[in-house]
Protein chains: 2
Amino acid sequence: MKGIRQLARHLDISIGTVSRALNGKPDVNEETRKRVLAAAEELGYVANQSGRSLRQGTTNVIGLMIESTKETVENSDNFFLGVTGGLQSVLARHKLDLIMLPCPNDEDPHEYLKRMVARRVVDALIISATQRVDKRIDLLVKAKIPFVALGRSSSGGSYTWIDLDFEGVAASAVDRLVSKGHRRIAIAAPSNDINLGYIFVDAYQRSLERHGIAYDPSLVIRVKSSEQGGYQAGHEMLRLDGKPTAIILIYELMAIGFYRRLTEAGVVPGRDVAVIGFREEPRGKFLQPSLTCFRMSLRDLGVELAETLLATMPAYSEHYPKGVHNTIWPLELVPGESDAFTLAN
Amino acid sequence: MKGIRQLARHLDISIGTVSRALNGKPDVNEETRKRVLAAAEELGYVANQSGRSLRQGTTNVIGLMIESTKETVENSDNFFLGVTGGLQSVLARHKLDLIMLPCPNDEDPHEYLKRMVARRVVDALIISATQRVDKRIDLLVKAKIPFVALGRSSSGGSYTWIDLDFEGVAASAVDRLVSKGHRRIAIAAPSNDINLGYIFVDAYQRSLERHGIAYDPSLVIRVKSSEQGGYQAGHEMLRLDGKPTAIILIYELMAIGFYRRLTEAGVVPGRDVAVIGFREEPRGKFLQPSLTCFRMSLRDLGVELAETLLATMPAYSEHYPKGVHNTIWPLELVPGESDAFTLAN
DNA sequence: ACGCTTTCCGGAAACGTTTTAGTGTGGCAG
DNA sequence: CTGCCACACTAAAACGTTTCCGGAAAGCGT
């Protein structure tokens, strides 16, 4: 277990042969290979990663960069853990390991990523929480590190990303509300620079206009994507002139605070105002009335992410269609009672 | 940026000197050091981690192993992300990076850990979700990898761990309920092998007996630590002979389902039965009535974890008290309305 | 017997870094 | 002048692995 040399000596065989045997290379007798494998198992030998990485210039590790800002901590809940399941199921087939790289919240994500890239600790990366213009993308493109962004940025350049189908979700939500007679539909969007908020609101605007409803900027409420933000959204909505009869909440978590503020004001969600949330959360079930929202499989998203990532890695491009992929990930409507409120018209 | 050799050539200096200059070693002229540092910055040179690790047998990386089983995904929510903040703030001072190692849910955690250890990809480890008897601990002890377990096991052997103060929490909860006149107090504990459940129930039993209340095993309800589990717990509690007047829920998340089942039966939490939860969750606020529970700072726990871990690492023992540490982490009671129900007696 | 191919294996170089041992210079005390 | 030391540096070894290259042995057709 000191290294391959010990193993080779123990077998009275050259280390080159041992290495080839272990790595499934040709040019080694099947009989010998069996002996080597057995001995490795018995002595508990596993190749030292540093030595291997140094030699072949590859680490066989994929990094998933996540940010542990207070907001992410409060919101993302099971999101990343859910995605890793699907990721790993694909990566394992190629003997790739996944590690999560949590960016310290007192460090600039861009600097952090630069450090990780320079140290060559991963072969490829998945970045998340993509900003509207995200310097990390230029960095990775320039460094020629294969990567896929979970969430598209708005900066130019061609790179691989996967993003949720905000357009589809916004259209579906607006269509549903309009079909119930609503014309003044508000939307609560996150106030930070995550690109999601902008794309979502754009799609919301287009959907409205498709129904011949003029876009009213005062109906776009920008708040923190948190429970408090939802409360705030409820507060602001109640103060609006020409009160909206429906609202779309981009983060499901907002619904908690939103309901609370409405209840305080004696307004009943689902009866006096129609509410649609966005991403389903397992623990959203408690909400009364149940929230109409959109569901996706985190595991499947992980699988898609892994396959898309492998496609960007030259070493694996034989199995996966090479090139730049831009994928829109669909979600499915989960009807609830929160948008039961219907306007006669 | 091809490597230290390029940098050395560019400076017309030997690579040994460059290395010493960059690493703050003595035997290098201050003038030279400045030149080297400037050139490294300018050319964007960062040492290749594999080369360095290979040479010095150390990776400067700390691993936090987490399990992404379905249960963990549903429950752990922001727990790990919250802890990483504190962890990193300490580790960064020693130029140590933190990575999270998510164990694939189709792989045995013990095997996974063995692989990671053998590959020598981290210098030290934090393991979590400690089992009642946990093979991982023997493995790490035997391999002489510095580690700290988040959660103690019940197997023998001396190793460093940090665990939550279940004894204190159980005693505090029982005392509080007893002082409100309750004598039949149920407890909902997780049905898996996580050691937490056992320790908690033991402490619950001792607390009861301290008040002269006989321990009744039928009041211990073992369910999944999830929302469904809470529903199940509510169901079982309603069926018990000699209905309990109070209950302790080990996972806050259980409260969602528990409330739901009670509501279905027309039983009002806080009025007809006293409920105390365990660990506060940011998104528990929605519960009506608000749940009496226990709070701790995840960030502070992370700091403690990091310092304890460093104490187990020989290379850092100068700054931290060396040796085996066993720490009990306190929590603070957060009074709510869920245990307002008081028995006259 | 000869040449050719195939099969299997050993030797050695290479990856990028840190660290040890050694070298040359100059200053200073004797 | 000689010996000694401190200083700043160079050269080279070492870490553990993979992979390239060459060569021995065996099989096979002529």
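Here is the naming used below: chain letters follow the sequence lines, and residue numbers restart at 1 for every chain. As the structure is a prediction and not an experimental result, all values here were calculated from the model. What's counted below: heavy atoms across the whole structure, side chains too, no hydrogens, waters or symmetry copies.
- Between B/N23 and the phosphate of C/dT18, there is a side-chain N or O to OP1/OP2 separation shorter than 4.0 Å.
- There is a side-chain donor-acceptor pair under 3.5 Å between B/S53 and B/Q49.
- Between the B/S128 side chain and the B/M65 main chain, a donor and an acceptor come within less than 3.5 Å of each other.
- Using a 30° and 60° split on the angle between ring planes, A/Y316 and A/H94 fall in the perpendicular class, above 60°.
- Within the 4.5 Å cutoff, the side chain of A/L309 has no heavy atoms near those of the A/V90 side chain.
- Put simply, CD1 on B/I15 is 11 Å from C1' on C/dT19, counting in whole angstrom units.
- A/L37 has its side chain within reach of A/L22: a pair of non-hydrogen atoms, C-beta onward, lies under 4.5 Å apart.
- Bending across the helix from C/dA1-D/dT30 to C/dG30-D/dC1, expressed as the angle between its end axes from five pairs apiece, amounts to 60° (10° rounding).
- The residue from B/V141, B/V133, B/L140 that alone fulfils the side-chain contact (heavy atoms from CB on, under 4.5 Å) condition with B/I137 is B/V141.
- Computed from coordinates, the B/D27 CG to C/dG24 P distance equals 17 Å when rounded to whole Å.
- Both B/R52 and A/T32 sit near DNA chain C, but only A/T32 has its closest nucleotide nearer the 5' end.
- Regarding B/Q56, its CD atom lies at a distance of 10 Å from the C1' atom of C/dT19, rounded to whole Å.
- Contact check on A/K34 versus A/E31 returns no salt bridge, with no Lys/Arg side-chain nitrogen under 4.0 Å from an Asp/Glu carboxylate oxygen.
- With DNA chain D read from its 5' end, the first of the two nearest nucleotides for A/R20 and B/S14 is the one closest to B/S14.
- No option in B/R136, B/E107, B/E67 other than B/E107 meets the side-chain contact (heavy atoms from CB on, under 4.5 Å) test with B/Y112.
- Taking 4.0 Å as the cutoff to heavy atoms of chain B, we find the contact window on DNA chain D bounded by D/dA8 to D/dG16.
- Residue B/G16 is classed as a base contact, given a heavy-atom separation below 4.0 Å to a base.
- Side chain to side chain, A/T130 and A/N195 fail the donor-acceptor criterion of an N or O pair below 3.5 Å.
- When each of B/T17 and A/I4 is assigned the nucleotide of DNA chain D with its nearest heavy atom, B/T17 is the one assigned upstream, toward the 5' end.
- Counting any heavy atom pair closer than 4.0 Å across all strands shown, A/S53 reaches no nucleic acid atom.
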